[in-house]
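The chain is numbered in sequence order, starting from 1.
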Amino acid sequence: MMVVGVSLATPAQERPNPAALIAAQRDAMSRLAYMDGVWRGPAWTILPSGEKHTITQTERIGPFLDGSVKVIEGRGYDADGKVSFNAFGTISFNPGTKVYTLHSHAMGYVGDFVLTLTSDGYTWDIPAGSMTMHYTAVIKDGAWHEVGDRIVPGKDPVRFFEMNLKRVGDTDWPAAGAISPT
């Protein structure tokens, strides 16, 4: 497997200790342990047509790579049970830059976004030309409230997304079910 984003040290340079890097990542990711589990609740988004689309949103989240990465899958279900939204993401921490990154795959788009932790959740932004899509999440006491606002300089923010989830259980995903060596 190719290791991406790692420069090979010259003989005069010392490579960082992988165990120390993983320990630093695991320590940083422990701040997001409250996200682990299975979540469900109502959500809505404004479609490009201007129509408000309501779904039941689910999220399953768990640690991976010895707790150094968080793995997330989101699914949105229409009233008839059809999946109308599906996303996959990871959250990681770079000990060198002290930055959390959300790597997201959703609706045909792929991106890496800085995730900024707050006292009770996080924020993250998607730059979109002259506009920014700004997300704010508050997660506490088994409730996850997240909103998305379109921000255009010189104009009031416009809310285009909201979800209100409740934690409904634990999950051993994605670490469970690994292939054994024999």
Side-chain angles (χ1 to χ4, degrees), residues 25-65 67-93 99-128 131-151 157-177:
Q25 292 167 337
R26 187 174 38 249
D27 182 57
M29 296 307 293
S30 70
R31 293 186 56 197
L32 297 172
Y34 62 87
M35 294 177 74
D36 293 346
V38 179
W39 302 78
R40 180 183 304 119
W44 59 265
T45 191
I46 302 298
L47 300 175
S49 66
E51 175 189 356
K52 186 176 187 179
H53 182 72
T54 301
I55 58 175
T56 297
Q57 181 69 24
T58 65
E59 303 282 343
R60 66 178 172 167
I61 303 170
F64 201 59
L65 299 178
S68 65
V69 174
K70 189 77 54 199
V71 180
I72 306 165
E73 181 197 26
R75 289 184 189 214
Y77 295 91
D78 289 337
D80 64 3
K82 179 183 175 211
V83 175
S84 61
F85 175 79
N86 200 200
F88 176 81
T90 60
I91 299 174
S92 59
F93 179 78
V99 172
Y100 290 87
T101 300
L102 168 63
H103 180 77
S104 171
H105 296 262
M107 308 294 289
Y109 296 97
V110 178
D112 290 308
F113 310 100
V114 172
L115 188 82
T116 303
L117 302 190
T118 63
S119 63
D120 55 5
Y122 57 83
T123 65
W124 62 288
D125 294 333
I126 300 176
M131 153 179 78
T132 299
M133 297 185 330
H134 178 74
Y135 293 87
T136 303
V138 174
I139 306 173
K140 62 182 178 182
D141 301 326
W144 179 349
H145 179 248
E146 187 164 347
V147 296
D149 295 307
R150 283 189 187 95
I151 300 178
V158 175
R159 175 105 351 124
F160 69 91
F161 167 78
E162 183 171 1
M163 72 178 189
N164 289 287
L165 309 182
K166 297 287 183 198
R167 189 175 189 285
V168 295
D170 295 330
T171 182
D172 56 4
W173 181 85

Quiz item: Can you name the closest pair of heavy atoms from T118 and A137 and give their distance?
Solution: OG1-O, 4.4 Å
Quiz item: Do V69 and Q25 pass the side chain to side chain contact (heavy atoms under 4.5 Å, CB included) test, and can you show the C-alpha distance, the side-chain angles, and the key distance before you say yes or no?
Solution: CA-CA 8 Å; V69 174; Q25 292 167 337; over 6 Å; no
Quiz item: Taking the six-membered ring for Trp, are F88 and H105 parallel (under 30°), tilted (30 to 60°) or perpendicular (over 60°)?
Solution: tilted
Quiz prompt | Closest contact, heavy atoms only, G74 versus N86 | solution = O-ND2, 3.0 Å
Quiz item: Is there side-chain contact between L102 and Y122, with heavy atoms separated by less than 4.5 Å?
Solution: no
Quiz item: In Å, rounded to the nearest 0.5 Å, how long is the span from OG of S92 to CG of D112?
Solution: 8.0 Å
Exercise. Would you name the heavy atoms of D27 and S30 that are closest together and state the gap between them?
Key: O-OG, 2.6 Å
Self-check item: Inter-residue atom distance D141.CG - Y34.OH, 0.5 Å rounding
Solution: 12.5 Å
Quiz prompt | salt bridge (charged side-chain N to carboxylate O under 4.0 Å, His left out) against D170, all qualifying residues, sequence neighbours excluded | solution = R167
Quiz item: About how many Å separate CG of L117 and CZ of F93, when rounded to the nearest 0.5 Å?
Solution: 9.0 Å
Practice problem: For the residue pair M35 and W144, establish whether any side-chain heavy-atom pair is separated by less than 4.5 Å. | Solution: yes
Quiz item: With E73, which residues qualify under salt bridge (charged side-chain N to carboxylate O under 4.0 Å, His left out), at least two apart?
Solution: R60, R75
Quiz item: Do side-chain atoms of Y100 reach the backbone of A28 as a donor and acceptor pair under 3.5 angstrom?
Solution: yes
Quiz item: Is any side-chain heavy atom of T45 closer than 4.5 Å to a side-chain heavy atom of F160?
Solution: yes
Quiz item: Among all residues two or more places apart in sequence or in another chain, which pass the salt bridge (charged side-chain N to carboxylate O under 4.0 Å, His left out) test with R150?
Solution: none
Quiz item: Taking only residues two or more places apart in sequence or in another chain, which ones pass side-chain contact (heavy atoms from CB on, under 4.5 Å) with A143?
Solution: K166
Quiz prompt | Value rounded to 0.5 Å, distance of OG1 in T90 from CD1 in I72 | solution = 7.5 Å
Quiz item: CG/L115 to NZ/K70 distance, rounded to the nearest 0.5 angstrom?
Solution: 11.5 Å
Practice problem: Would you indicate whether the side-chain heavy atoms of F161 and E146 approach each other to under 4.5 Å? | Solution: yes
Quiz item: How many angstroms lie between CE in M131 and CD1 in I151, if you round to the nearest 0.5 Å?
Solution: 10.5 Å
Exercise. Using side-chain contact (heavy atoms from CB on, under 4.5 Å) as the criterion, list what pairs up with I126, not counting sequence neighbours.
Key: F113, W124, M133, Y135
Quiz item: Which heavy atom in D36 sits nearest to a heavy atom in P63, and how many Å separate them?
Solution: OD2-CD, 3.6 Å
Self-check item: Closest non-hydrogen atom pair between A87 and A106, with its separation
Solution: CB-CB, 3.7 Å
Quiz item: Minimum heavy-atom separation for S84 to I55, with atom names?
Solution: OG-CG2, 3.6 Å
Practice problem: Please determine, by modelled atom types, if D125 and T132 share a side-chain donor-acceptor pair under 3.5 angstrom. | Solution: no
Self-check item: Residues that V147 engages under side-chain contact (heavy atoms from CB on, under 4.5 Å), provided they are two or more places apart
Solution: T136, H145, D149, R159, E162
